Q: 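Next up is a structure, given as C-alpha cells.
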Amino acid sequence: MNRYFDNKVIWITGASSGIGEALVKELALNSNAKIILSSRKEEPLYTVAEKAGLSAERYAVLPLDLMNYKDMPAIAAKAIEQFGKIDLLINNAGLSQRSLAIETDIEVDKRLMDIDFIGTAALTKAVIPYMISNGGGQIAVVSSLMGIFGAPMRSGYAAAKHALHGFFDALRAELYDYKILVTIICPGFIQTDISIHAVTGDGSQQGTMDDATRKGMPADVFVKKMLYAIQKRKNQKAIGGKEVMAVYLKRFFPSLLAKVIRKAKVV
C-alpha cells in the first residue's frame with residue numbers, strides 16, 4: 001500500500017470484527033489516516049482501535065445500527081463533527097443467511113434487505129452531500145460474490161447484495177461529475193465470523209462456522225487486496241480463492257455455473 005490513504009478521513013462500518021477490524025489494523029499500521037469506527041456495539045470498537053495502536057487523535061467511535069436507516073442523516077452529521085470531512089466511506093457492515101428460501105420467514109428476508117441494502121444506501125446518501133461540498137471522495141461497499149450470482153441457502157442475502165450492485169452502479173454514474181468514486185468489493189470465502197452470525201429461516205443465528213469459511217482467505221490478506229483495489233479506483237473487484245472463478249462462469253458459461261452450484265456443497 002502506497003500513501004494513497006494518508007491524510008484521509010476514513011469511515012468504516014462493521015469495524016468491530018472480521019473484515020472491518022482487519023481494515024482498521026491495516027490502515028493504522030500503513031497510513032496516517034484518521035478513522036471513524038462504527039458498528040452496533042460501542043465497546044468493541046474501542047478495543048479494536050486500541051489493539052490497532054491508534055492514538056486518540058486518530059480515531060473516533062460512532063455506534064450505528066443499519067436497521068435504523070432513518071437515523072443515518074443525523075449519524076452522518078455526527079461523523080462530520082469528528083474530523084470535518086469524510087474522504088472514504090467503507091460500507092462493510094452486513095448480515096448473511098443460511099436457509100432455504102421456502103423455509104425462510106419473509107420477515108427474515110426483509111431484515112436482510114433492510115441491513116444489507118436499505119441501511120447501507122441510507123448511510124451513503126447521507127454522506128454524499130458532504131463529499132460534494134468537499135470537492136470529491138470515494139465510496140467502497142463490501143458486497144459478496146452473491147451480488148454477482150446466487151447460490152442455495154442465500155436467497156435473501158443474494159437479493160440484497162444484487163440490490164447493492166444496482167444501486168452503486170447507478171450511483172457511480174450519477175456522481176462521476178462530482179469526482180466521487182465508487183468501488184464494489186465482492187469477497188468470496190473469507191475467514192471471519194460471518195457464518196456464525198448468519199440468520200436461519202426463523203431469524204435465529206446459525207451459531208456455527210461453515211467449513212468453506214474456515215478454509216477461506218485470511219482476513220488480513222483479503223484487506224490488503226481490497227485496499228489495493230480501492231487505491232487503484234476499481235469499479236468492481238472479486239476477491240477470494242477458486243470460488244472467484246464462478247464469476248467468469250456466470251459471464252461466459254451460465255448454464256454450467258447453474259449445474260455446478262446445484263451440485264456444490266456450499267455450507
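Counting from 1, the numbers follow the sequence of the chain as shown. Excluded from the calculations below are hydrogen atoms, water molecules and symmetry mates; all remaining heavy atoms, backbone and side chain alike, are included. This structure is a prediction, so every number in the text was calculated from the model and none was measured.
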Q: State yes or no: do Ile132 and Tyr130 share one hydrophobic cluster built from I, L, V, M, F, W and Y residues joined by side-chain heavy-atom distances below 4.5 Å, directly or via other members?
A: yes
Q: Please tell me whether Ser17 and Asp193 have a donor and an acceptor in their side chains that are separated by less than 3.5 angstrom.
A: no
Q: Verify the cluster assignment for Trp11 and Leu171: are they in a single hydrophobic cluster under the rule of side-chain heavy atoms below 4.5 Å apart?
A: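 Yes: a chain of side-chain contacts under 4.5 Å links Trp11 to Leu171.
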Q: According to salt bridge (Lys or Arg N to Asp or Glu O under 4.0 Å), does anything in residues 162-176 pair up with another residue at least two apart or in another chain? List the pairs.
A: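 Applying salt bridge (Lys or Arg N to Asp or Glu O under 4.0 Å) to every pair that reaches into residues 162-176, excluding sequence neighbours, yields Asp169-Arg172.
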Q: Are any of the side-chain heavy atoms of Lys225 and Met217 separated by less than 4.5 Å?
A: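 Contact flag for Lys225/Met217 side chains = yes.
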Q: Which atom pair, heavy atoms only, marks the closest approach of Ala33 to Ile10?
A: CB-CD1, 3.7 Å
Q: Side chain of Ser99, backbone of Glu103: donor and acceptor closer than 3.5 Å?
A: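 Here the side-chain-to-backbone pair does not exist.
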Q: Mind checking the NZ-OG spacing from Lys34 to Ser55? Nearest 0.5 Å is all I need.
A: 8.5 Å
Q: Grab the two heavy atoms, one from Ser38 and one from Leu62, that are nearest each other, plus how far apart they are.
A: OG-O, 2.5 Å
Q: Just how far is it from atom CG of Leu112 to atom CZ of Phe117, taken to the nearest 0.5 Å?
A: 13.5 Å
Q: For a 4.5 angstrom cut-off between non-hydrogen side-chain atoms, does Ile184 reach Leu164?
A: no
Q: Could you tell me which non-hydrogen atom of Gly14 sits nearest to which non-hydrogen atom of Asn92, and how far apart they are?
A: O-ND2, 3.1 Å
Q: Got a donor-acceptor contact below 3.5 angstrom from the Ser195 side chain to the Asp210 backbone?
A: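 Yes.
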Q: So which residues get pulled into Ile196's cluster when ILVMFWY side chains under 4.5 Å apart are joined, directly or through others?
A: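 Members other than Ile196 - counting any ILVMFWY side chain reachable under 4.5 Å - are Met209.
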Q: With sequence neighbours excluded, tell me which residues meet salt bridge (charged side-chain N to carboxylate O under 4.0 Å, His left out) with Lys70.
A: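 Applying salt bridge (charged side-chain N to carboxylate O under 4.0 Å, His left out) to Lys70 gives none.
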Q: Would you say the side-chain atoms of Asp105 pair up with the backbone N or O of Asp202, donor to acceptor, closer than 3.5 Å?
A: no
Q: Given Ile12 and Val24, is the side chain to side chain contact (heavy atoms under 4.5 Å, CB included) satisfied, shown in steps?
A: CA-CA 8 Å; Ile12 303 172; Val24 173; 4.0 Å; yes
Q: Taking the side chain as C-beta and beyond, is there a heavy-atom pair between Ile128 and Ile139 under 4.5 Å?
A: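 Answer yes - side chains close enough.
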Q: Give the cluster check for Leu249 versus Phe252: same hydrophobic cluster or not, with ILVMFWY residues linked at side-chain heavy-atom distances below 4.5 Å.
A: yes
Q: Is Glu21 salt-bridged to Lys25, cutoff N-O under 4.0 Å?
A: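 Here Glu21 pairs with Lys25 in a salt bridge, since their nearest N and O are under 4.0 Å apart.
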Q: Is Asp87 close to Asn134 at the side-chain level, that is, under 4.5 Å between some pair of heavy atoms?
A: yes
Q: Is the closest side-chain heavy-atom distance between Cys186 and Leu145 below 4.5 Å?
A: yes
Q: Nearest 0.5 Å, please: how far is CG in Leu227 from CG in Leu88?
A: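 CG of Leu227 is found 8.5 Å from CG of Leu88.
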Q: Got Ile86 and Ile80 here, is their nearest side-chain heavy-atom distance under 4.5 Å?
A: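 Yes, close enough: below the 4.5 Å cut-off.
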Q: Check whether any side-chain heavy atom of Lys41 lies under 4.5 Å from a side-chain heavy atom of Leu45, and answer yes or no.
A: no
Q: Can you tell me how far apart OG (Ser143) and NE2 (His162) are? Round to the nearest 0.5 Å.
A: 8.5 Å
Q: Is there any salt bridge (Lys or Arg N to Asp or Glu O under 4.0 Å) pair reaching into residues 231-257, and which pairs are they, with sequence neighbours excluded?
A: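 Not a single pair qualifies under salt bridge (Lys or Arg N to Asp or Glu O under 4.0 Å).
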Q: Counting N and O atoms only, with roles assigned by atom type, does the side chain of Thr13 sit under 3.5 Å from a partner on the main chain of Ala93, one being a donor and the other an acceptor?
A: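 Side chain of Thr13 to backbone of Ala93, a donor-acceptor pair under 3.5 Å: yes, one is there.
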Q: For Lys125, is the NZ atom crowded, meaning more than 12 foreign heavy atoms sit under 6.0 Å from it?
A: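 Check fails, neighbour count at 12 or below.
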Q: Begin with the C-alpha distance, continue with both residues' side-chain angles, and end with the deciding distance and a verdict on side chain to side chain contact (heavy atoms under 4.5 Å, CB included) for Met131 and Leu175.
A: CA-CA 10 Å; Met131 287 188 172; Leu175 297 178; over 6 Å; no
Q: Closer than 3.5 angstrom, by distance alone: can the side chain of Gln231 be matched with the main-chain N or O of Tyr4 as a donor-acceptor pair?
A: no
Q: Looking at every non-hydrogen atom in both residues, tell me the closest pair between Gly18 and Thr192 and how far apart they are.
A: CA-CG2, 3.9 Å
Q: Any chain of hydrophobic side-chain contacts (each under 4.5 Å) joining Val223 to Val141?
A: no
Q: Walk me through it: do Gln206 and His197 pass the test side chain to side chain contact (heavy atoms under 4.5 Å, CB included)?
A: CA-CA 6 Å; Gln206 175 174 254; His197 299 304; over 6 Å; no
Q: Quick one: does Gln97's side chain have a donor or acceptor within less than 3.5 Å of a partner on Tyr157's backbone?
A: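 Yes, Gln97 side chain to Tyr157 backbone: donor-acceptor pair under 3.5 Å.
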Q: Near Lys8 NZ, under 6.0 Å, is it more than 12 heavy atoms from other residues, nucleotides or ligands?
A: yes
Q: May I ask you to decide if Gly216's main-chain N or O and Gln191's side chain share a donor-acceptor pair within less than 3.5 Å?
A: yes
Q: With rounding to the nearest 0.5 angstrom, report the OH to CD distance, Tyr59 to Glu57.
A: 10.0 Å
Q: Asp6: what forms a salt bridge (charged side-chain N to carboxylate O under 4.0 Å, His left out) with it, not counting sequence neighbours?
A: Arg3
Q: Shortest non-hydrogen contact from Ile194 to Ser96?
A: CG1-CB, 3.6 Å
Q: Can you list everything that forms a salt bridge (charged side-chain N to carboxylate O under 4.0 Å, His left out) with Arg214? Sequence neighbours excluded, please.
A: Asp211
Q: Can you check whether Ile35's main-chain N or O pairs, donor with acceptor, with Arg58's side chain at less than 3.5 Å?
A: no
Q: With clusters defined by side-chain heavy atoms of hydrophobic residues (ILVMFWY) lying less than 4.5 Å apart, directly or transitively, does Leu95 cluster with Phe189?
A: no
Q: In Å and rounded to the nearest 0.5 Å, what is the CG to CG distance from Leu123 to Leu89?
A: 5.0 Å
Q: Report yes if the side chains of Asn30 and Phe5 come closer than 4.5 Å at any heavy-atom pair, otherwise no.
A: no
Q: Are there over 12 heavy-atom neighbours, none belonging to Lys224, within less than 6.0 Å of that residue's NZ?
A: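 Yes, enclosed.
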Q: Provide the closest heavy-atom pair for Leu37 versus Ala15 in the form atom of the first, atom of the second, distance.
A: CB-CB, 3.9 Å
Q: Is the backbone of Asp220 close enough, under 3.5 Å, to the side chain of Glu26 for a donor and an acceptor to pair up by distance?
A: no
Q: Taking it one step at a time, do Ile185 and Phe222 satisfy side chain to side chain contact (heavy atoms under 4.5 Å, CB included)?
A: CA-CA 10 Å; Ile185 302 294; Phe222 169 82; 3.7 Å; yes
